[in-house]
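First up is the structure itself, then whatever we jot down about it.
Side chains included, hydrogens not; waters and symmetry mates left out as well; all remaining heavy atoms used. We count ligands from 1, going down the list as the structure has it; atoms in each ligand are counted the same way. All figures in this text were calculated on a predicted structure; none of them were measured in a lab.
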Amino acid sequence: MDIREAGRLLLLANRRRSRDGHQYTVPSPSTYPYQWLWDSCFHAIVLAKLDPEAAKKELFSLFSKQLPDGMLPHMIFWKPRITRPYHVWWGKSGVSSITQPPMMAYAAWEIYEATKDEAFLKEIFPKLLASYIYLIEQRDPHDHHLISIINPDESGEDNSPRFDIAMRVKSNISFLSHMYKRHQLVESNRTCGFDPLVCMEERFWVKDVPFNAILVKNLERLAQIARVLGEKEAQEFAITNRDVIKFTMREFLMAEGVFWSAIGLEHGHLKVSTWAHFVPLFAGLYTPEEAKELVRTHFSNPDTFRSEFGIRTVSKQEASYRSKGFWRGPIWFAPHWFIYKGLKDYGFTEEAEWLRDVSVTLIEKNGFREYFDPETGKAYGAHNFTWGTLVLDMLDS
Ligand code: GLC
């Protein structure tokens, strides 16, 4: 199998056009037939090298539904007829009421790196900036310098056990019961107009490690973009917030050598061991010594995260670990990509290459599937799922 060609063809096959001419890529035609926020950023990262014009269109399509307060909805329902019970995420017109990890600046920078197209940066910049201002101003109402999510789906890891305490559910909860709980959460947040402050204080308030680490990395990219455009004030905004979030994450979210997501006003740690421990590598949050220890005790440890087929999203030691449980243990490609990037940055070349190679093998054996049982390597979930195309970026970086 020529994996580059297969990836290119998959992105092409999943490409769609809206009635008003926006072009985007669906993560999976049968299971996920709409546009998703972080998925579109992943698509743009891969397309930046393959077809930069399509990468630009993907981002512009995403930003075309930016809300007046700057928030980017995590889903855009381009098709008029909803085929799945996604209406539970409505609340705004034609889009969802929640957001997702803010990979936009990273994706825009990849496009710039591939094209050196300053006009593109200039056009997207005010929208990008507004989306980060929203997160910093609206999702941190008490100036804790940690951004909060108001629904597990905002992490992109829908039923991750990291959120069990905040969701008030037991660790053996089924996939459907969990989904029902999340629907209830959206329903109750609808009653307060999705006001982040009320949603957080009364219902669900998590300072999530991956979300904040991804934000740190993206603020760095936003600063780079601002520098190219000579936008001094914006550059200052991005650097200051990057530094202050970085500092606060180390100060309040670190214990036992790793980062833990936290709940509520007091930053109580949510002590469930997930791949969230690795995401801070992507944002340079560990010292080189700490990173080495993390790789030794977790990345390379078959009793916690490492399996023959890849990295578990939840440690095998957790009571909530389920090898086929969606985000409660299986291997996913986006986590592999984030970890790969982090390992490379810290100089763990051998470990990164192993991760890339097992990712390629999973695709060669199963095609582009959604997630995999770490104990058997068996594929589950959506077919023709685009996240596997991130291996193209892994092969080129
Ligand atoms: C699943 C994933 C989420 C992703 C979406 C579309 O819900 O958990 O992260 O954005 O599918 O691919």
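- In this structure a side-chain-to-backbone donor-acceptor pair under 3.5 Å is missing from Asn212 to Ile245.
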Requested in this report: Let me see the working for Asp396 and Lys49 under salt bridge (charged side-chain N to carboxylate O under 4.0 Å, His left out), right down to the final yes or no.
Outcome: CA-CA 9 Å; Asp396 286 335; Lys49 290 184 185 118; 5.2 Å; no
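- Closest protein heavy atom to atom 12 (O) of ligand 1: Asp39 OD2, 2.7 Å.
- Ring-plane geometry between Phe326 and Phe175 is classed as perpendicular, the angle between the planes exceeding 60 degrees on a 0 to 90 degree scale with a lower cut at 30.
- Scanning the protein for heavy atoms near atom 7 (O) of ligand 1, the closest one is Asp158 OD2, 2.8 Å.
- Taking each of Ser160, Gly156, Gly381 in turn, the one with a heavy atom nearest to atom 9 (O) of ligand 1 proves to be Gly156.
- If you number the atoms of ligand 1 from 1 as listed, the ones under 4.0 Å from a heavy atom of Trp387 come out as 4 (C), 9 (O).
- Counting only N and O atoms by type, the side chains of Ser273 and Glu318 include no donor and acceptor under 3.5 Å apart.
- Side-chain contact annotation: Ser61 with Gln35, donor-acceptor N/O pair under 3.5 Å present.
- For ligand 1, the atoms lying closer than 4.0 Å to a non-hydrogen atom of Phe385 are 12 (O).
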**Report entry** Arg296/Glu293 under salt bridge (charged side-chain N to carboxylate O under 4.0 Å, His left out): CA gap, chis, key distance, verdict
**Finding:** CA-CA 5 Å; Arg296 193 181 68 78; Glu293 196 52 16; 2.8 Å; yes
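- Taking only nitrogen or oxygen atoms, main chain and side chain alike, Glu370 does not reach within less than 3.5 Å of ligand 1.
- Side chain to side chain, Ser177 and Ser174 meet the donor-acceptor criterion of an N or O pair below 3.5 Å.
- At a heavy-atom cutoff of 4.0 Å, ligand 1 is contacted by the side chain of Gln100 but not by its backbone.
- The aromatic rings of Tyr34 and Trp36 lie tilted to each other, with the angle between the two planes from 30° to 60°.
- Listed by number with element, the atoms of ligand 1 under 4.0 angstrom from any heavy atom of Trp327 are 2 (C), 8 (O).
- Not one N or O of Trp332 is nearer than 3.5 Å to an N or O of ligand 1, by distance alone.
- Not a single N or O atom of Glu157, backbone or side chain, sits closer than 3.5 Å to an N or O atom of ligand 1.
- Nearest protein heavy-atom neighbour of atom 1 (C) of ligand 1: Tyr32 OH, 3.5 Å.
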